[in-house]
Participant: 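Just dropping this structure here.
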Amino acid sequence: MLLDAAAKIIEADGLANLTMQNLAKMAHTSIGSLYHFFSDRDAVLKALFERHEESIGDIVRTLEEVDDQLWLTLSPYELVDKLLLPFANYVWQHGDYLPVVQEVRQPHKNSEFILFMTKIVALRNPDLSPQDSQFLAIMVQNITAGTMQQAYLLEPNSVEATVNELHLVLGSYLAEKERG
């Protein structure tokens with residue numbers, strides 16, 4: 001309930017308005033009760049980030065259930081759709097996601113998404129070394145995350161249009177990489 005209230009504040013009023021006082025008010029609890037669960041605003045943001053990471057992990061685990069052969073048959077653009085749309089839908093449904101990730105800025109090199117994407121890259125490009133597969137996976141993550149972050153910072157209402165453009169950018173990038 002406290003994290004839901006924090007997410008609502010961020011989504012409706014922006015990250016700057018997430019204060020312990022505003023959170024206590026939104027959650028209909030006392031400030032003392034709030035401090036019982038979170039020592040400060042940063043602890044709230046870290047908990048929100050961890051909740052988002054768990055949800056992203058759930059998406060990855062669902063994608064991991066897809067048969068490896070399907071990943072091999074998809075065009076680079078279909079691959080982007082299969083991989084990107086679940087994450088894009090999550091971002092659309094959780095308006096606090098981008099500001100929280102921007103604020104917390106945790107490294108993602110060993111995130112579930114990077115590990116999964118490395119597996120897909122290696123399946124589709126068996127001649128790549130494990131390091132090159134991981135690098136390509138990290139590049140896909142960086143292109144996606146960086147573009148989404150910039151879209152959020154420059155034009156918060158442009159997430160949907162940005163995802164459509166990312167489809168073209170990532171599809172072209174992967175197609176070029178697969179051509180060698």
Participant: Would you say the side chain of Met148 lies within less than 4.5 Å of the side chain of Leu166, judging by non-hydrogen atoms?
Facilitator: yes

Participant: Determine whether Asp81 and Leu74 make a side-chain contact, defined as any pair of heavy atoms from C-beta on separated by less than 4.5 Å.
Facilitator: no

Participant: Thr29: what forms a side chain to side chain donor-acceptor pair (under 3.5 Å) with it, not counting sequence neighbours?
Facilitator: none

Participant: Would you give the length of the straight line joining atom CG of Leu84 to atom CG of Asn89, rounded to the nearest 0.5 angstrom?
Facilitator: 9.0 Å

Participant: For Phe135, which residues count as a ring pair (Phe, Tyr, Trp, His ring centres under 6.0 Å) partner, sequence neighbours excluded?
Facilitator: none

Participant: For a quick test of reading the model, state the closest non-hydrogen atom pair linking Thr19 to Asn22 and the distance between them.
Facilitator: OG1-N, 2.9 Å

Participant: Answer yes when Glu54 and Arg61 have at least one side-chain N-carboxylate O distance shorter than 4.0 Å, and no when they do not.
Facilitator: yes

Participant: Just do the salt bridge (Lys or Arg N to Asp or Glu O under 4.0 Å) check on Lys82 and Glu78 with the steps written out, would you?
Facilitator: CA-CA 6 Å; Lys82 186 91 173 146; Glu78 292 168 330; over 6 Å; no

Participant: Please assess His52 against Val101 for the test side-chain contact (heavy atoms from CB on, under 4.5 Å), listing each intermediate value before the final yes or no.
Facilitator: CA-CA 9 Å; His52 287 307; Val101 170; 5.5 Å; no

Participant: Run the numbers on Leu15 and Gln102 for side-chain contact (heavy atoms from CB on, under 4.5 Å), then give the verdict.
Facilitator: CA-CA 10 Å; Leu15 197 57; Gln102 176 72 24; over 6 Å; no

Participant: Rounded at 0.5 Å granularity, tell me how far CG in Leu170 sits from CG in Leu79.
Facilitator: 9.5 Å

Participant: Could you report the tightest heavy-atom contact between Met1 and Ala27, atom names first, then the distance?
Facilitator: CE-O, 3.5 Å

Participant: Side chains of Thr162 and Glu155: closer than 4.5 Å at any heavy-atom pair?
Facilitator: no

Participant: Any side-chain heavy atom of Leu2 within less than 4.5 Å of one from Val44?
Facilitator: no

Participant: For Phe87, which residues count as a ring pair (Phe, Tyr, Trp, His ring centres under 6.0 Å) partner, sequence neighbours excluded?
Facilitator: Phe113

Participant: In the structure I gave you, are the side-chain heavy atoms of Leu115 and Lys119 within less than 4.5 Å of one another anywhere?
Facilitator: no

Participant: Which heavy atom of Gly57 sits nearest to which heavy atom of Glu112, and what is that distance?
Facilitator: CA-OE2, 3.4 Å

Participant: Nearest 0.5 Å, please: how far is CD in Glu178 from CG in Asn125?
Facilitator: 5.0 Å

Participant: Do Gln134 and Ile138 have side-chain heavy atoms sitting under 4.5 Å apart?
Facilitator: yes

Participant: What's the separation between atom OH in Tyr173 and atom CD1 in Ile143, rounded to the nearest 0.5 Å?
Facilitator: 5.0 Å

Participant: Determine whether Leu83 and Trp71 satisfy the following criterion, side-chain contact (heavy atoms from CB on, under 4.5 Å), listing intermediate values before the conclusion.
Facilitator: CA-CA 10 Å; Leu83 288 171; Trp71 296 116; 3.8 Å; yes

Participant: Using side-chain heavy atoms (C-beta onward) and a distance below 4.5 Å, is Val60 in contact with Glu64?
Facilitator: yes

Participant: Linking I/L/V/M/F/W/Y whenever their side-chain heavy atoms sit closer than 4.5 Å, directly or via other members, would Tyr77 and Val66 fall into one cluster?
Facilitator: no

Participant: What heavy-atom pair brings Met26 and Ala5 nearest, and what distance separates the two atoms?
Facilitator: CG-CB, 3.5 Å

Participant: Of all the heavy-atom pairs spanning Tyr90 and Arg51, show the shortest one and how long it is.
Facilitator: OH-O, 4.4 Å

Participant: Going from CG on Asp68 to CD1 on Ile120, what distance comes out if it is rounded to the nearest 0.5 angstrom?
Facilitator: 6.0 Å

Participant: Taking C-beta and beyond as the side chain, do Leu45 and Leu18 meet within less than 4.5 Å on heavy atoms?
Facilitator: yes

Participant: Kindly work out whether a path of hydrophobic side-chain contacts (I/L/V/M/F/W/Y, heavy atoms less than 4.5 Å apart) joins Leu3 to Phe49.
Facilitator: yes

Participant: Sequence neighbours excluded, which residues qualify as side-chain contact (heavy atoms from CB on, under 4.5 Å) partners of Ala12?
Facilitator: none

Participant: Just to verify, what does Asp132 make a side chain to side chain donor-acceptor pair (under 3.5 Å) with, not counting sequence neighbours?
Facilitator: Ser129

Participant: In terms of hydrophobic clustering (I, L, V, M, F, W, Y; side-chain heavy atoms under 4.5 Å; direct or indirect links), are Met117 and Leu70 co-clustered?
Facilitator: yes

Participant: With sequence neighbours left out, what residues match Asp40 under side-chain contact (heavy atoms from CB on, under 4.5 Å)?
Facilitator: Asp42, Ala43

Participant: List the atom of Pro99, the atom of Ile10, and the distance in Å for their closest heavy-atom pair.
Facilitator: CG-CG2, 3.7 Å

Participant: Going by an N to O cut-off under 4.0 Å, is there a salt bridge joining Glu176 and Arg179?
Facilitator: yes

Participant: Which distance, rounded to the nearest 0.5 Å, do you find between the CG of Leu34 and the NE2 of His36?
Facilitator: 11.0 Å

